[in-house]
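See structure below.
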Amino acid sequence: MVFETSKANAILTILQGCNNLTRLQKIQAHVIVNGLQNHPAISNSILNFCAVSISGSLPYAHHLFKHIQNPQTQAWNSIIRGFAQSPSPFQAIFYYNRMLFDSVSGPDTFTFSFTLKACERIKALKKCEEVHGSIIRTGYERDVVVCTGLVRCYGGNGCAEIARMVFDNMPEKDLVAWNAMISCYSQAGYHQEALRIYDNMTNENVGVDGFTLVGLLSSCSHVGALNMGVKLHRIASEKGLLRNVFVGNALIDMYAKCGNLDGALEVFNGMPRDMFSWNSMIVGFGVHGFGDEAIYFFNQMLEAGVRPNSIAFLGLLCGCSHQGLVEEGVGFFHQMSSKFNVKPGIKHFGCIVDMYGRAGKLEKALEIIGDSPWQDDPVLWRILLSSSKIHKNVVIGEIAMRNLSQLGAVNAGDCVLLATIYAGDNDEQGVARMRKLIKNQGIKTTPGWSWIEVSDQVHRFVVDDKSHPDSGMIYQKLEEVTHKATMAGYVKDKSQFIFHGSCSEECLESSSTYHSEKLAIAFGLAKTPEGTSLRIVKNLRVCRDCHEFTKFVSQAFNRDIIVRDRLRFHHFKGGLCSCRDYW
DNA sequence: CTAGGGTTAG
């Protein structure tokens with residue numbers, strides 16, 4: 001077929017400036033009048049606009065595509081890309097399959113990129129592996145962009161190790177590829193690995209941008225790596241990235257999660273803000289138990305014209321609950337639906353149950369669960385059990401456990417909580433029953449660990465850890481620390497296994513010796529200058545013995561020790577803890 | 001002459 005080149009070129013130019021569908025349809029009429037509807041570049045351009053542009057129309061693109069005879073690779077790419085970024089990415093896979101099996105046009109790097117995006121979004125690991133195979137067969141496995149897509153796709157499907165293998169095999173890596181690897185680790189929870197990638201990166205001289213910093217800062221938040229975070233803050237400042245909201249928000253979160261709310265506030269005050277910025281501040285105050293501040297920031301957010309979403313309320317309610325602001329919390333809870341049109345989710349109900357429970361109103365907490373749509377979920381019952389522990393209430397504790405049991409959801413932590421309640425009631429048989437339950441039912445325990453950051457390195461410890469290179473020194477130091485703490489008044493909880501108030505799942509892992517945070521504390525004391533604060537992050541809740549230990553250590557060594565456990569922050573200072581021994 | 005990487009909660 002012969003086309004009139006000058007007319008075709010004119011139409012292509014007009015198409016490039018097209019920004020809405022009505023206009024496109026007028027151009028299309030023009031195309032038909034001139035007999036150019038089968039001109040490849042023109043039909044591709046129209047198709048691409050419809051499939052990809054925000055003002056396009058995917059259903060219309062779908063319609064157009066059906067009428068193309070023998071679509072070329074570019075046309076397939078447009079339709080695959082359109083569906084990959086649409087609410088139904090599986091359609092992209094459908095077109096990819098058709099392209100491979102029914103079409104003479106072969107896939108290229110673009111095809112693979114878009115298809116991988118779709119696999120990532122719908123979590124299609126099998127398809128990802130299959131596409132990976134095709135990439136190797138067609139010889140595209142050396143392409144940086146395609147490999148970056150593979151890294152993300154494997155990472156998003158929970159295969160960080162395979163993502164890393166693809167990454168390591170890339171013949172050349174640019175900044176985007178490095179950033180993808182960092183965010184893959186960070187989102188998969190491999191925070192130490194994410195931070196380690198940064199060291200490799202600096203050796204390779206690829207530079208750093210906002211994306212790099214955001215991924216790294218997110219990992220710093222999770223492991224409480226304040227020193228590293230501060231270093232990244234400095235880099236952001238040098239590179240003029242402090243006005244980048246993504247970077248700013250990641251910094252706010254990092255400071256808040258590392259227990260430095262002043263730092264968070266300082267960043268917050270010096271940047272353009274969006275909903276994330278407000279939420280990070282509110283959540284930050286909330287998890288530290290500063291309800292008044294969370295409420296203040298919530299109101300400021302409203303004044304700034306930002307509509308609160310469910311996360312803002314989560315932070316707000318968490319703060320109210322930990323500070324004991326029951327009336328305020330319940331008020332906000334009702335306003336969620338009545339005033340802000342935010343539907344309370346299970347987590348919000350959890351805050352309310354916790355709020356009443358913590359305040360000692362256990363019957364009211366029980367009533368809330370009964371009125372909630374989540375009686376069949378273990379989460380709320382578990383919170384009730386935890387409240388029963390704080391108030392040593394055997395009756396409600398047993399009700400909570402019975403419900404957990406009926407749901408088949410009893411875990412080791414639950415048994416420990418109830419055993420602790422029994423122990424406080426001097427019910428040795430009750431404790432023995434819980435111990436037996438765990439043993440006979442083979443209930444799984446979560447392995448406990450603690451992180452501590454010393455200079456730029458994050459060190460991780462488990463119970464009775466001997467794997468650290470400085471292990472010998474650490475145990476020696478621990479003896480000294482225990483001795484000094486004892487001189488200050490610490491009495492070791494000698495009972496084996498959750499008697500007389502020990503209450504962490506970590507107590508199940510070992511009948512004696514040292515929980516992970518004691519090792520982290522000893523290491524921190526040995527490796528940091530006198531007077532500096534120690535920051536520890538652990539994945540389980542602190543047990544009574546370690547809590548007492550840390551209080552006396554903070555006094556004996558005159559150190560602030562900030563422990564972030566699974567649920568909240570404990571600021572130890574001068575022999576006292578900010579949780580006032582309620583947790 | 002169409003690609004790839006970003007923050008809160010969980």
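We name chains A, B, ... by the order of the sequence lines, and we start the count at 1 in each one. Note that the structure is predicted; figures quoted are calculated from it, not measured.
- Summarising the geometry, the separation between CZ on A:Arg81 and P on B:dC1 is reported as 14 Å, rounded to the nearest angstrom.
- Checked against B:dT2, B:dG4, B:dT7, the side chain of A:Asn48 finds its nearest nucleotide in B:dT2.
- Side chains of A:Ser6 and A:Asn9: no donor on one and acceptor on the other come within 3.5 Å.
- Here the P atom of nucleotide B:dG4 and the CD1 atom of A:Ile182 are 19 Å apart, to the nearest Å.
- A:Val52 comes within 4.0 angstrom of no nucleic acid atom, judged by non-hydrogen atoms across all strands.
- Contacts of A:Asp253 with the nucleic acid, taken as non-hydrogen atoms under 4.0 Å apart, involve only primed sugar atoms and P, OP1 or OP2.
- Listed by chain and residue number, A:Asp414 satisfy the salt bridge (Lys or Arg N to Asp or Glu O under 4.0 Å) test with A:Arg382 (two or more places apart in sequence, or in another chain).
- In this structure, A:Phe112 atom CZ and B:dT2 atom P are separated by 20 Å, rounded to whole Å.
- Although no hydrogens or angles enter the test, the distance criterion places no donor-acceptor pair under 3.5 Å between the side chain of A:Trp178 and the main chain of A:Val206.
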task = Starting at the 5' end of DNA chain B, write a dot or bracket for each base, bracketing those in Watson-Crick or G-U wobble pairs whose two distances are under 3.5 Å and using | for partners on another strand.
result = ..........
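- The nearest pair of heavy atoms linking A:Ser86 to A:Arg121 is O-NH1, 2.8 Å.
- Nearest nucleotide to the A:Gln16 side chain, out of B:dG6, B:dA9, B:dC1: B:dC1.
- Rounding to whole angstrom units, CG of residue A:Leu567 and P of B:dA9 are separated by 14 Å.
- Between A:Asn77 and the options A:Asn44, A:Asp108, A:Asn48, A:Thr115, a side chain to side chain donor-acceptor pair (under 3.5 Å) holds for only A:Asp108.
- Remark: A:Ser218 is in phosphate contact with B:dT8, judged by side-chain N or O atoms under 4.0 Å from OP1 or OP2.
- As judged by a 4.0 angstrom heavy-atom cut-off over every strand, A:Asn244 is placed among the base-contacting residues.
- In this structure, of B:dA9, B:dG4, B:dT2, it is B:dG4 that holds the atom nearest to the side chain of A:Val176.
- Among B:dA9, B:dA3, B:dT2, the nucleotide with an atom closest to any side-chain atom of A:Gln74 is B:dT2.
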For residues 343-350 of chain A, which side-chain donor-acceptor pairs fall under 3.5 Å, sequence neighbours excluded?
residue: A:His348; atom: ND1; partner: A:Gly345; partner atom: N; Å: 2.9
residue: A:His348; atom: NE2; partner: A:Ser310; partner atom: O; Å: 2.8

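- In terms of phosphate contacts, A:Ser78 brings no side-chain nitrogen or oxygen within less than 4.0 Å of OP1 or OP2 of B:dT2.
- Among the nucleotides B:dA3, B:dT8, B:dG6, the one closest to the side chain of A:Ser280 is B:dT8.
- For A:Asp253 and A:Ser221, the side-chain atoms include at least one donor-acceptor pair closer than 3.5 Å.
- Taking atom NZ of A:Lys347 as the reference point, atom C1' of B:dA9 lies 7 Å away to the nearest angstrom.
- Of the candidate nucleotides B:dT8, B:dT2, B:dT7, B:dT2 has the atom lying nearest to any side-chain atom of A:Phe114.
- Side-chain atoms of A:Asn249 stay outside donor-acceptor range of the base of B:dG6, with no qualifying N/O pair under 3.5 Å.
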Expected list for residues 282-294 of chain A: side-chain donor-acceptor pairs under 3.5 angstrom, two or more places apart:
residue: A:His288; atom: ND1; partner: A:Gly284; partner atom: O; Å: 2.9
residue: A:Asp292; atom: OD2; partner: A:Gln323; partner atom: NE2; Å: 2.9

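- At a threshold of 4.5 Å between non-hydrogen side-chain atoms, the residues A:Met271 and A:Leu242 do not count as touching.
- Remark: A:Ser450 engages A:Ser516, A:Glu517, A:Ala520, A:Ile536, A:Lys538 in a side-chain contact (heavy atoms from CB on, under 4.5 Å) (not counting sequence neighbours).
- Backbone-only contact: A:Ser183 has heavy atoms under 4.0 Å from sugar-phosphate atoms and none from a base.
- Taking a cutoff of 4.0 Å between a charged side-chain nitrogen and a carboxylate oxygen, A:Glu130 and A:Lys127 qualify as a salt bridge.
- For the pair A:Ile46 CD1 and B:dT2 P, the computed distance is 16 Å after rounding to whole Å.
- Side chain of A:Phe110, nearest nucleotide from B:dG4, B:dA9, B:dT2: B:dT2.
- Taking a 4.0 Å limit (strictly below) on heavy-atom distances, residues 187-213 of chain A reaches DNA chain B at A:Gln187, A:Asp209, A:Gly210, A:Phe211.
- Atom NE2 in A:His233 sits about 19 Å away from atom P in B:dT7, given to the nearest Å.
- Counting any heavy atom pair closer than 4.0 Å across all strands shown, A:Val151 reaches no nucleic acid atom.
- Taking every side-chain heavy atom of A:Asn77 into account, B:dT2 is the closest of B:dT2, B:dA3, B:dG6.
- Ranking B:dT8, B:dT2, B:dG6 by closeness to the A:His222 side chain, first place goes to B:dT8.
- For the pair A:Lys173 and B:dG4, the criterion of a side-chain N or O lying under 4.0 Å from OP1 or OP2 is not met.
- Here A:Phe246 does not lie in a stacked arrangement on the base of B:dT7, lacking the combination of planes under 30° and ring centres under 5.5 Å apart.
- Regarding A:Met281, its CE atom lies at a distance of 20 Å from the P atom of B:dT7, rounded to whole Å.
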